[in-house]
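Input: a single structure, listed below in structure tokens.
Just so you know, residue 1 is the first one in the sequence shown, and it goes up from there. In each ligand, atom 1 is the first atom listed, and ligand 1 is the first ligand listed.
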Amino acid sequence: MVNGGLDFGGTCVNVGCVPSKNLIRAGEAAYHAQHSNFAGIRPKGVAIDFARVISDKKKLVATLQQKKYMDVVADFQNLTMLKGWAEFVDEKTILVNGKEKYTALKFLIATGATTHIPDIPGLQETEYLTNISLFDLEEQPKSLIILGGGYIALEIAQAYHRLGTKVTLLQRSDHVLSKQTESVAEELTGHLRNEGLDIFTGLRFVRVSQDNRSIKVVAEQDGEVRIFEAEKLLVSTGIKPNTGKLAADRIGLELTAGGHIKVDEQLQSNIHNIYAAGDCINTPSYVYTAAFEGKTAIENAFSGTGTEINYTSLPWVVFTDPQVAGAGMDEKEAEARNIPYEVSKIELKDVPRAITANDMRGFIKLIRNPETDKLIGARIVAPEGGELIQQLSIAIKYGITVNELAESMYPYLTLGEGIKLAAITFGKDVAKLSCCAS
Ligand SMILES: Cc1cc2nc3c(=O)[nH]c(=O)nc-3n(C[C@H](O)[C@H](O)[C@H](O)COP(=O)(O)OP(=O)(O)OC[C@H]3O[C@@H](n4cnc5c(N)ncnc54)[C@H](O)[C@@H]3O)c2cc1C
């Protein structure tokens, strides 16, 4: 195993999932110390020791990197771990750090991805941050501009805003989470704006500049020039695969136009003994998909099982508050693929769990094929809504019908009951349902 750049464990544990989720929870604790959903419960405020939050985060990352990665592989009999950059010399040989050669019968490329830096005049000359550098800053940025409106940008924006940084999120597309429908994006954007986050969409970036006090982003919105200014700038405009250092050309390893390694359904590249998995191929970029792909690629490479991964019911979560979660297709995708569909959307104001919590932000949306009654997709915007998505993913995967969901018992009062209510309301008006509707 050859790993350069990040520590072993790669993005997720070191500079991705783990630090971001830790800071999101810290931000949430700060938020709840200042905001209550109950008029009779009056919070007394919060003292945020930002440097401590970051140093504790560093400790957590170090602990998990050791326990979940280094300790796990410590007993592996046939594993040699090398620190350094790998490049191909020929189909069966790599060069590590430009010096030592290693040969193998088979290779798995899992080199991941890093922030894509957009081509905006002045950006290269600016001291911008990425997720790698931001999470280690112990001195709290007073203000932060975030370029990007995908899930990573949104999660970081809310976490840092709640920790006391003045955050402005700037997005080129018409709405955040550009691949999702407007209804999902608008719901989330509304709640984030209500908290005080500044979000601007539909921008054309003109230039970025820096003086010794601040960073300026000049952009155009509907023909009008707008200038945004902050102490720090985070670039979070998507990711690009780490394939530039592999010397792919030298061995004729085919890449896509975006630089991903081209693989077939069995994760095999155009060179028969080279497989690839994770963020360096053009599949959904999550740690659980990367791990699943890695395992599948190795099985295919060594035992020829010919396994293909089916992403039809893939669940995913945006860890904002409220969270956004999805599985399967949405209306746009069903439309584009000419699949008949019908939507049932239940607002959280109609879900007892949310009503009693005085927190009715969001909705649960189910999408079914009316010809078969099978669930084909789901979108949720809800506090901790991510916890609901796996059951819907399983329903899609195993062809469970909406009627079967409607006929199941859901504990009263759980947020999950919203799924039953959404299933029932394909044919009924939710306002007419009794408590614990069946
Ligand atoms: C801020 C953030 C938050 C995220 N949150 C989540 C989340 O909550 N849940 C989730 O599922 N996913 C999340 N992700 C995505 C997830 O981290 C990635 O999808 C996942 O880590 C990809 O794994 P990988 O093994 O493909 O690549 P990586 O984890 O990136 O590992 C690739 C490794 O290869 C090294 N490398 C690159 N080129 C070479 C070379 N030529 N030679 C040797 N080594 C090389 C890299 O430096 C790196 O160490 C998040 C990502 C970010 C940035």
> Taking side chain as C-beta onward, heavy atoms only, is I376 less than 4.5 Å from I396?
Replying inline: no

> Is the shortest heavy-atom distance from the side chain of Q323 to the side chain of E384 under 4.5 Å?
Replying inline: yes

Distance under 6.0 Å and angle within 45° of the ring axis: does [X] meet both against [Y]?
| X | Y | result |
| --- | --- | --- |
| K106 | F302 | yes |
| K295 | F292 | yes |
| K420 | Y410 | no |
| R250 | F88 | no |

> Judged by atom type as modelled, is there a donor-acceptor pair below 3.5 Å linking the side chain of T356 to the main-chain atoms of P352?
Replying inline: yes

>> I'd like to know if the side chain of N300 and the backbone of G304 have a donor-acceptor N/O pair within less than 3.5 Å.
In response: no

Measuring from [atom], which candidate in [options] has the nearest non-hydrogen atom?
| atom | options | result |
| --- | --- | --- |
| atom 43 (C) of ligand 1 | G112, S236, A110, G4 | G4 |
| atom 45 (C) of ligand 1 | F88, W85, F135, F319 | W85 |
| atom 11 (O) of ligand 1 | L6, V18, V287 | V287 |
| atom 42 (N) of ligand 1 | G9, S20, A86 | A86 |
| atom 17 (O) of ligand 1 | P19, G10, C12, P284 | C12 |

Nearest-contact summary for [atom] - protein heavy atom, Å:
| atom | answer |
| --- | --- |
| atom 52 (C) of ligand 1 | I152 CD1, 3.4 Å |
| atom 8 (O) of ligand 1 | K21 NZ, 2.8 Å |
| atom 23 (O) of ligand 1 | A290 CB, 3.7 Å |
| atom 30 (O) of ligand 1 | T11 OG1, 2.5 Å |
| atom 33 (C) of ligand 1 | N3 OD1, 3.3 Å |
| atom 3 (C) of ligand 1 | G16 C, 3.4 Å |

>> Show the atoms of ligand 1 that are less than 4.0 angstrom away from any heavy atom in G278.
In response: 26 (O)

>> Within the 4.0 Å heavy-atom shell around V2, which atoms of ligand 1 are there?
In response: 43 (C), 44 (N)

>> Can you tell me if G84 contacts ligand 1 (heavy atom of the residue under 4.0 Å from the ligand)?
In response: yes

>> With a cutoff of 4.0 Å, is Y151 in contact with ligand 1, counting heavy atoms of the residue only?
In response: yes

> Side chains of H32 and E28: is there a donor and an acceptor less than 3.5 Å apart?
Replying inline: no

